[in-house]
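A, B, ... follow the sequence lines: proteins, then strands. Residue 1 opens every chain.
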Protein chains: 2
Amino acid sequence: MSSEPSRKLTIYDLAKLAKSSPSTVSAVLNGTWQRRRISRKLARRILDLAEREGYSTNMQARALRRDRSGILGMILPLYDNRYFSSIAQIFEAEARRRGIFTIVSCTNRDPDQEREAARMMLAYRVEHLICTGATNPDAIAEMCSAAGIASLNLDLPGTAAPSVISANREGARRLTDALLDRLEARKIDAARVLFIGGRAEDHNTRERIEGFRQARERRDLATKPTDIVPCDYAAEKAQAALEAYVGREGRLPAAMFVNSTISLEGIVRWLRLGGHDMNDIIMGCFDWDPLAAAFHPRLIMMRQDVSTMIARLFDWIDTPPEDPTMRLEVMPEIIGNSAAAPGRG
Amino acid sequence: MSSEPSRKLTIYDLAKLAKSSPSTVSAVLNGTWQRRRISRKLARRILDLAEREGYSTNMQARALRRDRSGILGMILPLYDNRYFSSIAQIFEAEARRRGIFTIVSCTNRDPDQEREAARMMLAYRVEHLICTGATNPDAIAEMCSAAGIASLNLDLPGTAAPSVISANREGARRLTDALLDRLEARKIDAARVLFIGGRAEDHNTRERIEGFRQARERRDLATKPTDIVPCDYAAEKAQAALEAYVGREGRLPAAMFVNSTISLEGIVRWLRLGGHDMNDIIMGCFDWDPLAAAFHPRLIMMRQDVSTMIARLFDWIDTPPEDPTMRLEVMPEIIGNSAAAPGRG
DNA sequence: TATGAATGCGCAATCGGTTGTGCAACTATT
DNA sequence: AATAGTTGCACAACCGATTGCGCATTCATA
């Protein structure tokens, strides 16, 4: 380790030290030296020198000159559930594997914050912008296309950029089927099944509601409007909605389709506060959380296949789809629906 | 909205359009126009033009020239628990409030990934690097100081940069006290209390163990070495460690100090699998998760005060402490230890 | 011993902002 | 009317990389 450089080392400094030129040093350090016919000997000397002196490329200068930042941007609603946090982690890991730098920003499901974050990412000239669970993906996609950079949607689809999402309808159908199967096994009337959580205006919730409906329809079960309560995601909202439902109906639902782990939090809290036994009610959750699974092993969960979703995303980053309205659905996996489920484990 | 610009708009384009000069346009757009005595009229004209044409400053160019990126970097072990995810979220929110851009990278508690992420952040010339829960904070601090940029530690302290951490020892003492109080209330022998989870080589775990010991000592309770099992954080490790403990002791511990929510996951799973009743055992967890709290309201949790920790961090970003080895401890809050706790709620 | 090709490297322009400095034109002062 | 001060803006030199181009050498071939 050499002594503290008072100023950051540049290729000009290295060129002087190596008695060479900045262009040569640059070529050596960015790996294009063979193409520029720099001798292996000189290359090695410069590389050693750079290593010894602790040189680090100024990415701003590189980005400016190359007109490519080497950065991938992602906006995300939140980090604080397993679904979104694993999206961030797997996205980062995959980008790192490819030597790409990532910037992730969470925007709290707030359209203004989404736009502002996108504006910043565009100012930093990210090469792609991944728009995850955005309230208004098309607005972001438009900003991106105006800036001439590609955008992709994840989790919630848009019409202005390609989207990778979960197979929400089919997933919801399967989750509902699992609930109905358990009711049948316990010979419980399937009339009182409640769908709770999510936003009526978001695509995923609408699809899941549709899947829920279809699964019931196929068994000739009617679904009342009051059985479907997209009361937003927040735990408190779900708590209040369940309270209201029980107030109206006079008793607990026999089964519940809970639309997210954050809604589940409210549901569970409400049940606990009321002194209800979790096992008296059959629950499914369209999302996955290992702690919840540990606490309540009879809870059925849909685990969205984040690895596959991210893999498809990178496929599109590598080779952009010709059709910008392309939509790809990835099937989630059902967890906790073992055959032994009806009995006590 | 004007027609699609084929090339990204620059201050030179704007200068031409406004029949002005690049330096004037620059001054107007970065807010220094008053100091440079640009007339209000011209400034307005240029601002309107920039707005109309959808101009966006090239941050790479700005950063290069200013020699300041305007970026704050943070490395983080993971996103997938509430503690770290709220650190990321609150950090971002606070930075956004100040108009600072952030880059967060998670490094999976892997020293190599930590160094690599730090190297990248330094290459992008972040202005500060926050090192959260790093396995080797001093190594990162050294890299930073060699590059001439300030670093700060969060969650796990180092000796080469100022650190903001939780009051682990005192927090652990209080959590242990809560466990012992409950044992007393139930008139249960306090011999069989198990500390489980974490890494013996990390500072926080050592401090918590010390707090655990002290709380027992103050009640004249001896602590056997086998009562303390820092088996790493992973759920599987905790699961195996508990299994081993029970195998040795012939029965369950009466109470447990679980060192993280991820360890808690393994503990709860193991208890469930064995058909044990969660309420037969008094549990505390040094960390907080609202889903866990909802599922198990008698679980006592220490919620680390992330908001305060981040606030202190930004204090130091604003005015760096004179002493680089400075360490600040922020008291965590105990959750779920209400007076009504011993009875059924 | 010419001639042409290949090898090895440096020159200088460039990316898009920022900022020290200078120079008109205008206003106030004596 | 001459001088000094103020106002309003443009010039041009950077920041640190990248890259098209060109010029010496050296090597192979005739």
- Please report the closest heavy-atom contact between A:Ile100 and A:Gly70, naming both atoms and the distance.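 Where A:Ile100 meets A:Gly70 most closely, the heavy atoms are CG2-O, 3.6 Å.
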- Item | Closest non-hydrogen atom pair, A:Arg109 against A:Arg199 |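 Closest approach of A:Arg109 to A:Arg199: CD-NH2, 3.8 Å.
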- Could you pick out which residue, A:Ala61 or B:Leu42, lies toward the 5' side of DNA chain D when each is mapped onto its nearest nucleotide?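 Its nearest nucleotide lies further toward 5', so the answer is B:Leu42.
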- Item | Residues B:Arg36 and B:Thr24: side-chain donor-acceptor under 3.5 angstrom |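 Looking only at side-chain atoms, B:Thr24 and B:Arg36 do not form any donor-acceptor pair under 3.5 Å.
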- Task: Identify, between A:Ile38 and B:Asn58, the residue whose nearest nucleotide on DNA chain C lies closer to the 5' end.
- Result: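 With A:Ile38 and B:Asn58 compared, the 5'-side residue is A:Ile38.
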Below 4.0 angstrom from OP1 or OP2 of [N], is there any side-chain N or O of [X]?
| X | N | answer |
| --- | --- | --- |
| A:Tyr55 | D:dA17 | yes |
| B:Arg62 | C:dG16 | no |
| B:Thr10 | C:dG16 | no |
| A:Ser39 | C:dC9 | yes |

Does atom [atom1] of [X] have more than 12 heavy-atom neighbours, drawn from other residues, nucleotides or ligands, at distances under 6.0 Å?
| X | atom1 | result |
| --- | --- | --- |
| A:Arg327 | CZ | yes |
| B:Arg98 | CZ | yes |
| B:Glu51 | CD | no |

- Message: Closest approach to the side chain of B:Ile11, judged atom by atom: which nucleotide of D:dC11, C:dT18, C:dC15 is it?
- Response: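 Closest nucleotide among those given: C:dT18.
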Provide a list of protein-nucleic acid N or O atom pairs under 3.5 angstrom, restricted to nucleotides 19-28 of chain D.
| unit_1 | atom_1 | unit_2 | atom_2 | d |
| --- | --- | --- | --- | --- |
| D:dG20 | O6 | A:Arg36 | NH2 | 2.5 |

- Message: Heavy atoms within less than 4.0 Å of DNA chain C: which residues of residues 43-51 of chain B have one? Give them sorted by number.
- Response: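 Heavy-atom cutoff 4.0 Å gives no residues at all.
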- Do A:Lys8 and B:Asp67 have side chains that get closer than 4.5 Å, going by heavy atoms?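 No; the side chains remain at least 4.5 Å from each other.
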